[in-house]
Amino acid sequence: MQTAVTAHQNTAHSKRSYGFLIPYWIHRAVILLAGMMVFFSPVNPGRILKQVNENASLFTTAFSYDNIATQLKSAISRSAITEGDIRNVMTGCLIVLVSVLLCAVGGCMSAGNIRMKKRGIIFPIVGSLGMFGGLSVIWNRYRAVYVFVTENNKVSRATPITADGSMPQSILVFGIVAALILLTSLVILALLIKKEQEEKMEMEEKYKLFLMFLPVLLLTFVFAYLPIYGWRFAFFDYKIGDELSASNFVGFHWFSTLVSNEATRADIVRVLKNTLAMSGLGILTSWLPIAFAVLLAEIPSSKFQRFVQTFTTIPNFISWVLVYAIAYAIFSTDGFINSFLTNVVGRATSTDYLANADHIWLKMLLWGTWKGIGWSAIIYIAGIAGIDQQLYEAASVDGANRFQRIWHITVPGLLPTYMVMLLMSIAGILSNGMEQYLVFSNALNKDVIEVLDLYVYNIGIGSGQIPLSTVVGITKSLVGVILLFGANGISKLLRGESII
Amino acid sequence: MTAKAKQPHAMKIKKSAGDRAFEIILIVLFCLFTLLCVFPFYYLFINTISNNDAVTSGLVNFYPVGVHFTNYTNLLNASDLGNALIVTIARTVLGTALMVLTSAWAGYLVTKQKMWKRKLWYRALVITMYFNAGLVPWYMNMLMLGLTNNFLAYIIPGMVAPYNIILVKTYIESIPASLEESATIDGATTTKVFLRIILPLSVPILATISIFGAVGNWNSFQDSLLLMSGRPDLYTLQHRLYVYLNTTSNLGAVMNAGAGGVNTAAAQSLLNTKVIKYTVSMVTIIPILLVYPFMQRYFVKGIMMGSVKG
């Protein structure tokens, strides 16, 4: 009896595993694809006219009227299309969006037991039908707009996405995906219908936990991994407003431009020099916080220590814009130094210490040190507190003086922490951020202050050279990853511990 | 309050004259550096509350002259500064709250060994701390998502903060597992355990990350600069300050024009560009300085926990 029950359970279990596996995974994969397509701009069924922002995704189109309508202003004013058309397309997009969401709910429920699976399969069936509905709303409106603009000769104002009025690719792609969802849902439904269902809807703990974590993963995907998709701009001759197509595909042209084009190469060399110089100065002075901490610990009053710590960490919490505001207040033509020199010392002329290019690397280092030293020292101060007091006592008994104790006990005690910090800063040698250098840059010092990150911003966002700045960004990201793994390898070799 | 260093020489009985001299030199040096860190804030402040004519002639160097506070009241009325202040406060409150909730939830879930493919997801999350696609691809992505010229761009991308998730995870792992187990045996669901047990117990770490989050939001400049070019009314305070600092023409006139020429009385006393720049800087600094003394221990706790590898 006992064995019979076990045997029965076993067969039930294996049936569940193998009978469903393939259709279910296809089903879920297609739903996931539909979910992603919602955020991809190249497959946006809502983009029925070439004038609509080619960077807008279905998601954007469904929600942001302004995003679409701003580019269509002239088309609307010449009554090539109406606001009603736009609203209509937006409604269609919204229906598709909600339908995809329904499919996603079904996809999640498919991780449950038979009862939950049976309930859940209804969602993708309804969802895929809803997708068809939303798409047909858009498609009908597209046909109407197409016929109207071609008959009234307004194609130049509102250019339909397909020249011959055939079905736009994005609608087709979404339609195929919807059909696949419907098909797999029906197959699963057929498989499910014969199954006995449980009393209650349940789901295994591991899938429950995963589904609870899924929103976090989706956000991570959308904001941290989806940008990698933007690397495609590196392979096209692209300006904002252009479309990516075979005609402006240039392969690795921009990568070779980096070295072959003389002006670009000169820029890159100059910018790299600035970057490495300023990062290098930072690394060379990275022991300063240790000195700060060690010397502070030598003062025999914990009240004084706290006082110093409190006030020297404040600059760390203000932004670089505010640091610049302070620099302005102190060093500009009518700032503190100049008004002190003219009014108190009695000097006749004033100097603008900010708007010049003298010693800019050193100045940036000093500002960085001013802002960061108190904060960076905290970790070492805590490190000193963690050193065994008996070591100091033993050293004193043996006759070691103050400096010998610092050199032979405190410094070695802090070294492991310092090594981690050092390796991390070497790994990040190319990324010194752009904020500090952006706020301090001006026409006079631009050439010597421009670091890699600022250069990417200046050519990409500033002068709209999207492909070139993407190429620089890609190269920087890849070199950064290599450096990080290198630093990690060194750390493993030296300390037997990884830093990432 | 702060990380305290024990006295390495506490047991020493007598100090030599050399030791004394060394300590005094150190104390003087540290006092000087502390002054260097504090004086700029003081200098800015006395210049905003002094007589504006005295400020223009550069007479306010060490102490205020002819104290008044009208600069502050005038500025908030006569400019788009009030707008920037509202935007910044809104993003700080909303952005921080959502980030903390997400971090707590995600940090708790990644401690769950049972989760399907937990290691994979956790790694995927952590990698994003060290790798990013680059500024321009990121910008094009925001464009694709419709998050340019949109207030949501301040809040949603910041919700998942991997570093904070690691901090919360490390902290939750230090909570005795028996607490959670007994609740589970009593029939509490994952959500209930999270709300009733984990959340109350993780208040210290959540306070720490919310302070960091709030300061980060308050100081945010780059996202406003990159994404809000079409909506000056959505500029953050830092961005607004950056714009002011780089305005070389008469700021008083600019602001007066911005206010539609209505608030002439206010604008007249504000015609001094220098004072406007100082006052806006001060408005941006003051909140940080106000919360700083209360929050300092959280800052210190944060950096100490950060040094524990997640």
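Sequence lines set the chain letters: A, B, ... in the order given, protein chains first and strands last, and positions in each chain run from 1.
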Task: Residues B:Lys114, A:Glu204: salt bridge by 4.0 Å N-O rule - done: no
TODO: Counting only heavy atoms closer than 4.5 Å, note whether A:Val344 contacts chain B via side chain, backbone, both or neither.
DONE: side chain
- [ ] Would you mind reporting whether A:Tyr229 and B:Asn141 have side-chain heavy atoms less than 4.5 Å apart?
- [x] no
Open item on the list: Counting heavy-atom pairs under 4.5 Å with chain B, which one of A:Ile330, A:Val420, A:Asp334 comes out on top?
Closed with: A:Asp334
Task: Residue B:Met142 versus chain A: region with a heavy atom under 4.5 Å - done: side chain
- [ ] Identify the two heavy atoms, one from B:Gly58 and one from A:Ser339, that lie closest to each other, and give their separation to 0.1 Å.
- [x] O-CB, 3.5 Å
- [ ] Identify which of B:Val55, B:Val160, B:Ile24, B:Asn61 forms the greatest number of heavy-atom pairs closer than 4.5 Å to chain A.
- [x] B:Asn61
- [ ] Please lay out, stage by stage, how B:Leu59 and A:Asn343 fare under the test side-chain contact (heavy atoms from CB on, under 4.5 Å).
- [x] CA-CA 7 Å; B:Leu59 293 174; A:Asn343 290 318; 4.2 Å; yes
Task: B:Leu29, part contacting chain A, at a heavy-atom distance under 4.5 Å - done: neither
Open item on the list: Quick check on A:Val481 against chain B: is it the side chain, the backbone, both or neither that has a heavy atom closer than 4.5 Å?
Closed with: side chain
- [ ] For A:Trp231 and B:Ala133, work out which heavy atoms get closest and say how close.
- [x] NE1-O, 2.9 Å
- [ ] Give a yes or no on whether A:Phe485 atom CZ has more than 12 heavy-atom contacts from other residues, nucleotides or ligands under 6.0 Å away.
- [x] no
- [ ] Check B:Leu241 against A:Ala325 and note the closest heavy-atom contact, atom names and distance.
- [x] CD2-CB, 4.4 Å
TODO: Check the pair B:Glu23 / A:Glu298 against side-chain contact (heavy atoms from CB on, under 4.5 Å), numbers first and verdict last.
DONE: CA-CA 7 Å; B:Glu23 277 165 15; A:Glu298 288 303 313; 5.6 Å; no
TODO: Take A:Tyr457 and B:Leu226 through the side-chain contact (heavy atoms from CB on, under 4.5 Å) test and state the conclusion after the steps.
DONE: CA-CA 9 Å; A:Tyr457 168 77; B:Leu226 288 165; 3.4 Å; yes
Open item on the list: Taking every non-hydrogen pair under 4.5 Å, which of A:Thr312, A:Val38, A:Val456 racks up the most with chain B?
Closed with: A:Thr312
Open item on the list: Within the structure provided, determine whether A:Phe210 and B:Leu109 are in side-chain contact (heavy-atom separation under 4.5 Å).
Closed with: no
TODO: Tell me, out of B:Cys31, B:Ala124, B:Gly134, who's got the most heavy-atom pairs with chain A below 4.5 Å.
DONE: B:Ala124
TODO: Enter the distance from B:Leu36:CG to A:Phe311:CZ here, rounded to the nearest 0.5 Å.
DONE: 14.0 Å
Task: chain A contact via B:Phe62 - which portion, at a heavy-atom distance below 4.5 Å - done: side chain
Task: Engaged part of A:Phe340 at the chain B interface, taking heavy atoms whose separation is under 4.5 Å - done: both
Open item on the list: I need the B:Leu245 CG to A:Leu354 CG distance, nearest 0.5 Å.
Closed with: 10.0 Å
Task: Nearest heavy-atom neighbours spanning B:Trp105 and A:Met212 - done: NE1-O, 3.3 Å
- [ ] Establish, yes or no, whether a centroid distance under 6.0 Å links the rings of B:Tyr242 and A:Tyr324.
- [x] no
Open item on the list: Less than 3.5 Å apart, any donor N or O on the side chain of A:Ser477 or B:Asn132 sitting next to an acceptor on the other?
Closed with: no
TODO: Using a 4.5 Å cut-off on heavy atoms from C-beta on, say whether the side chain of A:Ile373 contacts that of B:Phe33.
DONE: yes
TODO: To the nearest 0.5 angstrom, please state how far the OG1 atom of A:Thr220 sits from the CD1 atom of B:Ile165.
DONE: 6.5 Å
Open item on the list: Using 0.5 Å steps for rounding, measure from the CD atom of B:Gln238 to the CD1 atom of A:Ile318.
Closed with: 9.0 Å
TODO: Examine whether an atom of B:Ile288 lies under 4.5 Å from a heavy atom of chain A, and if so say whether it belongs to the side chain, the backbone or both; otherwise answer neither.
DONE: side chain
Open item on the list: Could you tell me if the side chain of A:Leu214 sits less than 4.5 Å from the side chain of B:Trp121, heavy atoms only?
Closed with: no
- [ ] For side-chain contact (heavy atoms from CB on, under 4.5 Å), just list the numbers for A:Ile326 and B:Tyr43, CA-CA rounded to whole Å, side-chain angles, deciding distance to a tenth of an Å, and then say yes or no.
- [x] CA-CA 9 Å; A:Ile326 281 169; B:Tyr43 177 75; over 6 Å; no
Task: chain A contact via B:Thr284 - side chain, backbone, both or neither, heavy atoms under 4.5 Å - done: both
Task: Under 4.5 Å from a heavy atom of chain B, the part of A:Tyr238 involved - done: side chain
Open item on the list: Which heavy atom of B:Met144 sits nearest to which heavy atom of A:Phe40, and what is that distance?
Closed with: CE-CA, 3.9 Å
TODO: Go through the atoms of A:Leu484 and report whether side chain, backbone, both or neither lie under 4.5 Å from a heavy atom of chain B.
DONE: side chain
Task: Side-chain heavy-atom pair B:Pro40, A:Trp370 within 4.5 angstrom cut-off - done: yes
Open item on the list: Less than 4.5 Å to any heavy atom of chain A: does that hold for the side chain of B:Leu35, its backbone, both, or neither?
Closed with: neither
Task: Any A:Phe213 side-chain heavy atom under 4.5 Å of B:Val110 side chain - done: yes
Open item on the list: To the nearest 0.5 Å, what is the distance between CZ on A:Phe317 and CD1 on B:Ile285?
Closed with: 14.5 Å
TODO: Sequence neighbours left out, what passes side-chain contact (heavy atoms from CB on, under 4.5 Å) with B:Val291? Give chain and number order.
DONE: B:Met295
Open item on the list: Using the ring centroid of each side chain, check whether A:Phe336 and B:Phe39 are separated by less than 6.0 Å.
Closed with: yes
Task: Heavy-atom side-chain proximity of A:Trp320 to B:Asn219 below 4.5 angstrom - done: no
Task: Residue, of A:Ile240, A:Leu211, A:Thr313, A:Leu58, that accumulates the most heavy atom pairs under 4.5 Å with chain B - done: A:Thr313
Task: ring-ring contact (aromatic ring centres under 6.0 Å, His included) assessment of B:Tyr139 paired with A:Phe233 - done: CA-CA 12 Å; B:Tyr139 173 77; A:Phe233 293 110; over 10 Å; no
TODO: Among A:Glu205, A:Met434, A:Lys476, A:Lys208, single out the residue with the greatest number of heavy-atom pairs under 4.5 Å to chain B.
DONE: A:Met434
Task: Interatomic spacing from CG in A:Leu322 to CG in B:Leu44 - rounded to 0.5 Å - done: 8.5 Å
- [ ] Would you mind reporting whether B:Lys274 and A:Thr333 have side-chain heavy atoms less than 4.5 Å apart?
- [x] no
Task: Flag, side chain of A:Asn55 to backbone of B:Leu143, donor-acceptor distance under 3.5 Å - done: no
TODO: Below 4.5 Å from any heavy atom of chain B, which atoms of A:Tyr225 appear? Answer side chain, backbone, both or neither.
DONE: side chain
Task: Residue A:Phe59 versus chain B: region with a heavy atom under 4.5 Å - done: side chain
TODO: Would you please name every residue forming a salt bridge (charged side-chain N to carboxylate O under 4.0 Å, His left out) with B:Arg123, sequence neighbours left out?
DONE: none
Task: Over all atoms of both residues, closest heavy-atom pair of B:Val136 and A:Gly460 - done: CG2-CA, 4.0 Å
Open item on the list: Using heavy-atom distances under 4.5 Å, tell me whether A:Ile466 contacts chain B through its side chain, its backbone, both, or neither.
Closed with: both
